[in-house]
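Within every chain, numbering begins at 1; the chains are lettered A, B, ... in the order of the sequence lines, protein sequences first and strands thereafter. Values below: all heavy atoms of this structure, side chains included; hydrogens, waters and symmetry mates excluded.
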Number of protein chains: 2
Amino acid sequence: MNTRYADRIVGKLRTEGLKVTPQRIAILNFLDGNRSHPSVDEIHREVLRAFPTISLATVYNTLETLEKMGVIRALCIDPTRKRFDPDTSLHHHARCDRCGTIRDVWGDLGPTLRLPDDVSREFVAEGASVSFRGHCRECVTYC
Amino acid sequence: MNTRYADRIVGKLRTEGLKVTPQRIAILNFLDGNRSHPSVDEIHREVLRAFPTISLATVYNTLETLEKMGVIRALCIDPTRKRFDPDTSLHHHARCDRCGTIRDVWGDLGPTLRLPDDVSREFVAEGASVSFRGHCRECVTYC
DNA sequence: TTCGATGCAAAGCCTTTGCATCCTG
DNA sequence: CAGGATGCAAAGGCTTTGCATCGAA
């Protein structure tokens, strides 16, 4: 049967001896199924509605914890801030230069994601990601 | 015959009606052939040695100008700061999680960097880059 | 009861901006 | 000489840190 993302992570927190606080639950509920690749500030602003006292520092702390647990991924695609993705399975991203929206890109880019032999002798790759830039359909007409 | 990177860009600056200042020349000379993917601060610190009065703002301004001219590329691979690459031809990068070093990755990655059809109906790609993360040979033994 | 988590405020970086002055073209 | 470029300082935005207090287990 399906377990909700938030429930699954709560179990993992317990397993690792970390505490399950209402703030963490609120953040996990917001991330659950979220494909908007929100920034720290967006997460904070949204969770604030359900939880008026949560601080920015708590959001930063929680996201760091979740990232270390490997249940969210920090994206380096917006040059002005980190963005977070609760989907840690292999996929890529495309960012609109005009509106900043980031969309998921699924597809077999596999062959691309291996280091050439000359580099792999010098560098052990543990992950790879592809970032596309360009314009989304809404914005392309204005460029 | 070969034209040095810096000389070529100086010509381009003139062509575009922009001014060729000693500060800009110093920055271009530092970038010429540089494969360290330096940050703004690293560029500033280095150019400062030859040009003790150059300000950080000038470095920021110049890099922005050069990026708009398309003669340098800003990399989004270090989550803490922008990095710059004077080589704008199609290649990718690998960043060591431990020491932060960024190395170039050349190889036949180009042809496969196309958006899947379902996405390309919604998004016009104008560029793509592949980022590898992992550990360089010097650092991998400490992990 | 314990020790990690929270909230708040301050501090730290990176980057941008405003403006008077300078200097290339 | 005109307009773009520079230098300086201040401000802005994102992120981290210190510390007293709180609360999950």
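Side-chain heavy atoms closer than 4.5 Å link hydrophobic residues (I, L, V, M, F, W, Y) into clusters, and following such links, even through other members, never connects B:Trp106 to B:Leu75. Hydrophobic clustering, with ILVMFWY side chains joined whenever heavy atoms are under 4.5 angstrom apart, groups A:Val47 together with A:Ile72.
In this structure, B:Ser39 reaches neither bases nor backbone, as no heavy-atom distance under 4.0 Å exists between it and the strands shown. Among the heavy atoms of the strands lying under 4.0 Å from B:Leu56 is at least one base atom, whether or not backbone atoms are also near.
One can place CZ of B:Arg24 at 12 Å from P of C:dT24, the figure rounded to the nearest angstrom. B:Asn61 places its CG atom 9 Å from the P atom of C:dT16, with the value rounded to the nearest Å. Nucleotide C:dC23 holds its C1' atom 11 Å from the CZ atom of B:Phe51, rounded to whole Å. Rounded to whole Å, the distance from CD on A:Glu64 to P on C:dG4 is 15 Å. Computed from coordinates, the A:Leu48 CG to C:dT6 C1' distance equals 14 Å when rounded to whole Å. C:dG4 atom P lies 13 Å from atom NZ of A:Lys68, rounded to whole Å. The CZ-P distance, from B:Phe84 to C:dT15, rounds to 7 Å in whole Å. The distance from atom CG of B:Asp78 to atom P of C:dC13 is 15 Å, rounded to the nearest whole Å.
At least one side-chain nitrogen or oxygen of A:Thr21 sits closer than 4.0 Å to the OP1 or OP2 atom of C:dT6.
Protein chain B contacts DNA chain D over a range whose 5' and 3' limits, counting nucleotides with an atom under 4.0 angstrom from a non-hydrogen atom, are D:dG3 to D:dC8.
For B:Arg133 (side chain) and A:Glu126 (main-chain N/O), a donor-acceptor pair under 3.5 Å exists by modelled atom type. Checked by atom type and distance alone, the side chain of B:His44 pairs as donor or acceptor with a backbone atom of B:Ile54 at under 3.5 Å.
Residues B:Val20 and B:Lys82 each lie close to DNA chain C; by heavy-atom proximity, the contact nearer the 5' end of the strand is made by B:Lys82. Nearest-nucleotide positions on DNA chain C place B:Thr80 closer to the 5' end than the other of B:Thr80 and B:Lys19.
Classification of A:Arg45 and A:Asp41 as a salt-bridged pair holds, one side-chain N sitting under 4.0 Å from a carboxylate O. Between B:Glu138 and B:Arg98, no side-chain nitrogen of the basic residue sits less than 4.0 Å from a carboxylate oxygen of the acidic one, so the salt-bridge criterion is not met.
The listed nucleotides are C:dG25, C:dT6, C:dC14; the one nearest the side chain of B:Tyr60 is C:dC14.
A donor-acceptor pair shorter than 3.5 Å cannot be found between the side chains of B:His37 and B:Asp78.
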